[in-house]
Amino acid sequence: MSAVLTRIVSSRLFWPIVMLLVLVTINVIAFPGFLTITVKDGHLFGSVIDILRNGAPTLIIAVGMTLVIATRGIDLSVGAVAAISGAVACSIILSSPDPGSVGTVVVAVAVALVIALVLGLWNGFLVSVIGIQPIIATLILMTAGRGVAMLITEGQILTVNSPPFKALGSGFLLGLPVAVVIGTVIFAIAALLTRRTALGMLIESVGINPEASRQAGVRARGLLFSVYTFCAFSAGIAGLILTANQTAADANNTGLFIELDAILAVVIGGTSLAGGRYSLAGTLVGALVIQTLVTTVYTVGIPPIVTMVFKAAVVTAVCLLQSPATNAAFGRLRTRLTARAGKGITAS
Amino acid sequence: MTTTLDAPASGPAPGPGAPFRPTKPSVLDRLRDVLTSPKSGPVLVTAALFVVVFVIGGLRYRGFFSGQVFLNLFVDNSYLIVLAVGMTFVILTGGIDLSVGAVVAVSTMIAASLLQSGWSPGAVIPLILVLTSVLGLLVGLMIHVFKVQPFIATLAAMFLARGLCYVISKDSISISEPTFVALAVTRIPLGGGLSITPSVVIALVVVIVAVWVLGFTRFGRTVYAIGGSEQSGVLMGLPVARTKVIVYVVSGFCSGLAGILFSFYTLSGYPLTAVGTELDAIAAVVIGGTLLTGGYGFVLGSVLGVLVLGVIQTIITFEGTLSSWWTKIFIGGLLLVFIILQKVLTSRRRR
């Protein structure tokens, strides 16, 4: 019994799930209808669905970020890439003669995603070929990227009126919000590719020791290229969803601080920033924790902008709970408790 | 590494310890050594870059070549200089501090709201410096005791500080307190029609103290040692733990001071102040030649880095047709060039 308990507590998903449950409980107490899901016109509605929909962009980026972090890297440029991708799509739709047609939107989305891929290749090039530390290599695009997005939108907020594009952000597919469907597909693809093939293990081996894995025959350079490209691609998709949701591209504010939310989701999910081990399921829980936290702040009636203080509290709590010092303290406590229990048995 | 190469230059002849050096190094060799050293190379390149950009500005625009334009680089960027000084300490140990921009913002907010409610500046300024230093201390302890990566710990501090700004107020608060206004409008004449602000004096004092601390104290040497190799530092019996925590206190203190200087500059507190300033500070430090992995770099290099960013900003202002987003693209491009430069210089040395 206690062995099972120990295993549950020591699982990396334990604290994130506890945190999620606590948040959900607070919501249910503050707002009894929280868990109700209603069906209107064949679409699902409810707070939980809202959380899933609003959390989808963060989740999509966090999935890419998880793989990057698994290689002991980090990608700070995802917010800027999201802004660029949204700006490209909106400017193409605006400049086309027929903004409402599906063809225009498909072209716009395709071009935006190709540009995101190119930006990912650029990050991959700096990290794997030039050998710059990932945090700095992506810092360059993070700094310059918003400038580039401004250049594309010419400093304006581009508002588009295109129903097919809008559907990307607020439409429904099979009763579910389109954003949630896209998020699920990206998550499933990443999970299948990395957990049903050897890819995940190879990524982890690069994260543990790039040089050793290269000598063992792992093509580290190609893997690094792929993870950064995948991460930028997912940032591009998230940028499209965010832009479509607001039906406007804002070079300054689209995806602002989303890199931090994505990294936060990954860290809350128990993936170590030191690389080598990752958990996509953890990232999913992490993204849900963040979005539920945001919603909770809304429901409880605290001004939404103050969420950052709560995010700070959550990061600090999770980091401290997962730190080696805390684990050691828990370990000491456990041995002391078992020792005391053992003494009790011998005494009786 | 560099000391062995510098040694023959100071002594009259190579000693018995260097029998393999056939001839005295020529001036060219020595110049190459200085330029390719990870210690001084990037700083010299930055200095040259600053001169080149300033001359280009002078050739292109009338009125650019004036002493006041040069002094305004300090006037407009005194807060950034102070931030870059604090960031230099952190990066020299191989860490990073993402919270500085948010701490600047929260400092302006605290200053503005307390002054508005009638506090005296003599109480507000020390209070802000103590609060931001304590925040730095907490971050440092989180990094050292709980082994949280600097990136994440300072990220949490950034969220906290930014959130607290909004807790204080969602809107801009203006400062009309006489001392602050006086400090904002006072000009210290330097003769010849040139003048600087009290903020510049404060920033320069910070720079001088930092140069002294890093160059001439035991603490400074420990900072460099940690950046070189933390493990060796521990094995040598250096106070690694204390030093690692203190650099974040220094950075917190500098951010608070920068926030106060910023509130002199804008005479208001605003929650969205200085978004992205942490990147400007990191960029200035990197362009100033401090190695991001720690161990090499100078405070004066970071000051040069700030000046380079400032002169680019000035050129963009003079150009008029170039929009401000070009600044971001230029800073990004410069960062790239300097990081690759560092890479080339350090890899050449290792061979």
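Note on naming: letters A, B, ... go to the chains in the order of the sequence lines (proteins, then strands), and numbering restarts at 1 for each one. Treat the numbers as computed from the prediction; the structure is a model and nothing was measured.
Taking chain B as the reference chain and counting heavy-atom pairs below 4.5 Å, the highest number among A:Ile263, A:Leu260, A:Ile135 is found for A:Leu260. Interface remark: of the candidates B:Lys147, B:Arg162, B:Gln149, B:Gln149 forms the most heavy-atom pairs closer than 4.5 Å to chain A.
The shortest distance between side-chain heavy atoms of A:Leu76 and B:Phe151 falls below 4.5 Å. A 4.5 Å side-chain heavy-atom check between B:Trp326 and A:Leu151 finds at least one atom pair inside the cut-off. Considering only heavy atoms from C-beta on, B:Tyr166 stays 4.5 Å or farther from A:Thr307 through its side chain.
Contact of B:Leu160 with chain A is made through backbone and side chain together, with heavy-atom distances under 4.5 Å. Proximity to chain A (any heavy atom under 4.5 Å) is shown, for B:Leu336, by both the backbone and the side chain. Neither the backbone nor the side chain of A:Leu141 has a heavy atom closer than 4.5 Å to any heavy atom of chain B. With a 4.5 Å cut-off on non-hydrogen atoms, B:Leu334 does not touch chain A at all. Only the side chain of A:Val267 comes within contact range of chain B, with heavy atoms under 4.5 Å apart. Both the backbone and the side chain of B:Leu292 come within contact range of chain A, judged by heavy atoms closer than 4.5 Å. Proximity to chain B is limited to the side chain of A:Phe257, based on heavy atoms less than 4.5 angstrom apart.
Taking every heavy atom of both residues into account, A:Ala144 and B:Gly332 meet most closely at CB-CA, 4.0 Å. Looking at every heavy atom in both residues, A:Ala312 comes nearest to B:Ala156 through CB-O, 3.3 Å.
For the atom pair CG (B:Leu279) and OG1 (A:Thr143), the distance works out to 5.0 Å, reported to the nearest 0.5 Å. For the atom pair CD1 of A:Ile140 and CD1 of B:Ile329, the computed distance is 14.0 Å after rounding to the nearest 0.5 Å. A distance of 9.5 Å separates CD1 of A:Ile132 from CG of B:Leu335, quoted to the nearest 0.5 Å.
Heavy-atom contacts from other residues, nucleotides or ligands closer than 6.0 Å to CD1 of A:Ile157 number 12 or fewer.
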